[in-house]
Amino acid sequence: MDFNFTEEQGMLRDSLAKMIRDQYDFESRRKVVASAEGWRKDMWMQFAELGLMMAPFSEEDGGLGGGPIDAMVVMEEFGKGLVVEPYVPSVVCGGGFIKRGTDAQKEEYLTGIMSGETIFAFAYAEPRGRYNLADLETTAKKDGEGFVINGHKAVVIGAPWATHLIVTARTSGDRRDKNGVTVFVVEKSAPGISTRDYPTVDGRRASEVYFENVAVGAEAVIGEVDNGLPLIELVSDEAIAALCAEACGAMKVAHEMTVEYSRQRKQFGTPIGKFQVLQHRMVDMFMEYEQSVSMTYMATLKLGDDEVTRKKAASAAKVRIGQGGRFVGQQSIQIHGGMGMTDELAVGHYFKRLTMIDSEFGNVDHHLKRYTELSAADVPAAAE
Amino acid sequence: MNLEFTPEEIEFRKEVRAFIEENYPKELVGTGTREDLSREQFLAWHKILGKKGWSVPAWPEKYGGTGWTSTQKYIWGEENARMDAIMPLPFGVSMVGPVIYTFGNEEQKAKHLPGIRSGDVWWCQGYSEPGAGSDLASVKTTAVRDGDHYVINGQKTWTTLAQHADWGFFLCRTDPNAKAQEGISFILVDMKTPGIEVRPIKLIDGTHEVNETWLTDVRVPVENLVGEENKGWTYAKFLLAHERSGIAGVARSKRGIERLRDIATQETVDGTPLIETPEFARKISQLEIDLTALEFTELRTLASEAAGKGPGPESSILKVKGTEVQQRLTELTLEAVNHYGAPYAYGMEATGNGAGIGPDYADFAAETYFNMRKTSIYGGSNEIQRNIITKMILGL
Ligand SMILES: Cc1cc2nc3c(=O)[nH]c(=O)nc-3n(C[C@H](O)[C@H](O)[C@H](O)COP(=O)(O)OP(=O)(O)OC[C@H]3O[C@@H](n4cnc5c(N)ncnc54)[C@H](O)[C@@H]3O)c2cc1C
Ligand SMILES: Cc1cc2nc3c(=O)[nH]c(=O)nc-3n(C[C@H](O)[C@H](O)[C@H](O)COP(=O)(O)OP(=O)(O)OC[C@H]3O[C@@H](n4cnc5c(N)ncnc54)[C@H](O)[C@@H]3O)c2cc1C
């Protein structure tokens, strides 16, 4: 057992933390979020130069030979800085699919992902599908060698900035069948794709993406036709681990800000941090944060395990982080009093981000249910 | 003890329901849960009720109250909530109004009560300051006597909707040497007086609901002092207890649960309506049970008030439990709409996509959840309410 980071990971963290401190302070972020673009392409390219995008890929894929732990390091720092740039959609999800694709696909996209030039968004959610990754009304019908895609993808995070989309669609079977799901890579500018772009409550950008007779070739399929769900679940679990890391970063800062505020803010002639009810509340926040970190490590380390172990670990982490993030976020506001309610203070923005992380890739209820079902199915194996 | 409505009460419900259905402005239907309303929208129903004589049911009849029993007031609240009606704001009707008719002189009553009843005059509450939040008695804004005027200097903050206000009631220090609570006065201020500057504060949901109010050499006639000089703390506390009892919001939360049920019926999980999944169904049940406990606690409190006891420290229970229910309701509503909580309703101009994204019922779900965190902070934070119960009821 070893919970230490490698020297490279330590260096990555330090230089990223410095870059965010120097160039991504809260006021700079505020300007970016309010700008027409909603992000900074130049910042994204600087992240790429620092090696963030290469870090989690193997050396044979042209990366730095890291893996999910490197993505975890990156996302913890992104969480601390409330970075809006689309690392999870493009590198963790886009890269996660492509690196498991054909040699030709890797050839075509991986270099671009790692250089920052190619930007992916992951179009998986649908208006009526809730958190079920197989509940797809988007269809891809066989047409000669290729496919024709029709449908509507909901709240695709980072899509306004994306050059490419990973799209999940039904190629056979009924609406919620586990079989019959296929993954495609498409250029966002392909004929038949239209979007409605909008800001999100936590300072990012997303799109509703509409597919109208979008024709793609056979080379657009990632993995197996009709058998895409296991791959989708794998990449989604990787995204969950990365989001959990982001939440840990955000919780840490929200908690620190709150403790600091309680030292400075005086009422009744004394710092409010002297009131035991608030002290214990902040201790509870701290314990939530520590346990969230533990769960994030656990889930990240189990990403390479067998399917059931991996899924249970990801669900367990997402449940704890959903609950912990809610508690830490709400109490950060409460202890800041009226100041916590203001747009001016950063703490409210951490609260909003923590809130929204719960609704990405399945909320607490969804993962509690998935965990329970996996446990039930796992009993005979455990009894052996 | 008896939970049945009398035939007269059932008749009363019919009457007010018919009145609301006929008179509630059609263009406001469906906006009652939003925070970004215009002055006209906020006042429209108030003005209609003012004409009808129903805008201040809780006031004594001689000042324009309706003389309704507590059951009738309860029915009135429920019927308005059914419509999500935008009710008269509390600052005039529930806060300064009762202070004026209880502690004010005849001129003040004649001057101010009609405008509060009719909805023509908008009031704001100038209590909190940057340094005086939970510790309200530490207000520093000063009012210094100069002939037949007070000259007010200082900074108030969190002044809700002061951007629309015609008048404000302010707590000012008139005796700097007295003990904290003993040198404060309760002064009515025309917000158009020179020297008042109202600056917006943007909240986390994106709305402009509160303000900083700066007062520089603001000259106010001494006749605007309510009651006695240096006795303002007594009036302020009287008002806070009134503010708290209205804060439970039972009827509104009931309506909110209906709305939540409606959303959860339309949302589906693997083809099953969300409301039929055991996880979510139980959460709604739990909330409803908590709300029932709150409702009956409120009814008991009202009954003892009707028996002559003023709102006591028990109103702190209503504030804590009422706000917990309201917050939980918005939390579950956000959970119900899943991904479609994310689109930022107030930020759509940035991209020109003005129209709502996703189902209509998802609009503002996240924004409202964020906004409602305020309820456990204002009106005396929930920690302060617990301190009150600790002291006044537990005797610790
Ligand atoms: C089953 C059992 C086994 C035990 N075994 C051992 C043993 O092997 N060796 C040994 O030495 N002792 C032992 N203890 C004693 C134990 O350490 C004491 O019970 C404990 O320290 C609490 O002291 P108390 O019972 O006097 O409660 P008190 O100290 O009187 O506490 C009463 C309540 O007040 C709270 N409280 C006290 N001070 C504060 C504060 N500053 N802030 C907030 N809350 C406060 C406490 O948390 C508690 O809820 C045992 C006790 C039990 C019940
Ligand atoms: C949306 C909104 C609208 C408002 N509208 C108005 C208005 O119209 N007019 C007006 O005058 N004011 C208004 N207020 C102000 C409100 O009354 C104050 O925010 C409130 O009194 C808390 O004060 P504070 O914000 O300074 O927090 P603080 O008093 O600094 O409190 C910070 C934290 O410390 C806790 N705390 C403080 N003292 C204790 C203690 N002794 N024991 C334990 N915990 C403690 C608090 O509970 C809170 O969690 C509004 C506030 C908000 C957020």
Side-chain angles (χ1 to χ4, degrees), chain A residues 34-36 38 125-128 130-132 135 154-155 157 160 175-176 196-206 208 265-269 272 275 277-278 281 326 330 333-345 348-349 351-352 355-356 358-360 363-366 368-369, chain B residues 128 130-135 137-138 157-158 201-206 209-210 267-271 274 277 279-280 283 327 331 334-335 337-353 355 357-359 365-367 369-371 373-374 376-378 381-383 386-387:
Chain A
S35 70
E126 299 200 354
R128 303 198 300 157
R130 221 170 164 83
Y131 303 121
N132 181 346
D135 192 342
V155 197
I157 300 293
R175 182 166 152 198
R176 281 178 290 274
R196 277 178 76 193
D197 303 346
Y198 50 86
T200 63
V201 290
D202 53 353
R204 292 165 309 150
R205 295 292 162 94
E208 299 299 288
R265 173 67 173 169
K266 284 196 178 134
Q267 285 291 277
F268 304 99
I272 58 171
F275 299 124
V277 67
L278 300 190
R281 193 92 48 81
R326 185 175 66 189
Q330 292 180 347
I333 303 298
Q334 183 67 24
I335 294 173
H336 275 81
M339 287 308 293
M341 289 298 298
T342 63
D343 179 76
E344 184 192 341
L345 249 63
H349 298 263
F351 163 59
K352 291 196 277 187
T355 303
M356 299 322 288
D358 186 46
S359 72
E360 288 182 53
N363 66 0
V364 169
D365 275 9
H366 172 84
L368 207 46
K369 185 159 170 255
Chain B
S128 306
S134 298
D135 183 12
S138 68
T157 191
W158 314 122
I201 300 175
K202 188 174 168 193
L203 293 186
I204 48 177
D205 61 341
E209 187 181 336
V210 295
E267 286 286 324
T268 55
V269 182
D270 302 342
L274 179 61
T277 65
E279 298 86 6
F280 208 79
K283 288 189 203 181
Q327 292 181 334
E331 192 172 296
L334 175 58
E335 192 178 320
V337 306
N338 67 94
H339 322 289
Y340 280 121
Y344 180 32
Y346 297 122
M348 291 303 170
E349 313 86 57
T351 47
N353 274 320
I357 302 282
E367 290 83 348
Y369 166 69
F370 298 149
N371 183 277
R373 301 313 307 172
K374 72 187 176 191
S376 50
I377 295 169
Y378 68 16
S381 76
N382 286 12
E383 285 80 12
R386 287 182 167 92
N387 286 350

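Quick note: numbers below take in every heavy atom, side chains included, and nothing from hydrogens, waters or symmetry partners. A, B, ... follow the sequence lines: proteins, then strands. Residue 1 opens every chain.
For A/Met341, the parts sitting under 4.5 Å from any heavy atom of chain B are the backbone and the side chain alike. Looking at A/Ala206, neither its backbone nor its side chain comes within 4.5 Å of chain B, counting heavy atoms on both sides. Using a 4.5 Å cut-off between heavy atoms, B/Ala366 contacts chain A through its side chain alone, with no backbone atom that close. Residue contact with chain B, scored on non-hydrogen atoms closer than 4.5 Å, involves the side chain of A/Leu278 exclusively. Interface residue A/Arg326: only side-chain heavy atoms are found under 4.5 Å from chain B. Of the two parts of B/Leu203, the backbone and the side chain both hold a non-hydrogen atom closer than 4.5 Å to a non-hydrogen atom of chain A.
There is a side-chain donor-acceptor pair under 3.5 Å between A/Gln330 and B/Glu331.
In this structure, CG in A/Asp135 is found 6.5 Å from OG1 in B/Thr268, a value given to the nearest 0.5 Å.
A heavy-atom distance below 4.5 Å is not found between the side chains of A/Lys352 and B/Tyr369.
Between the side chain of B/Glu279 and the main chain of A/Asp365, no donor-acceptor pair closer than 3.5 Å is present. Side-chain atoms of B/Asp135 do not come within 3.5 Å of backbone N or O of A/Gln267 as any donor-acceptor pair.
Your options are B/Lys283, B/Glu383, B/Glu367, B/Lys374, and the one with the most heavy-atom pairs under 4.5 Å with chain A is B/Glu383. Counting heavy-atom pairs under 4.5 Å between each of A/Ile157, A/Ile272, A/Val155, A/Leu345 and chain B puts A/Val155 at the top. With chain A as partner, the option from B/Gly131, B/Ser128, B/Gly206 having the largest number of non-hydrogen pairs under 4.5 angstrom is B/Gly131. Counting heavy-atom pairs closer than 4.5 Å to chain B, the top-ranked of the candidates A/Leu368, A/Asp202, A/Val201 is A/Val201.
In plain terms, the two heavy atoms of B/Gly341 and A/Met356 that are nearest each other are C-CE, 3.8 Å. Residues B/Glu335 and A/Asn363 share a closest heavy-atom pair of CG-ND2, 3.6 Å.
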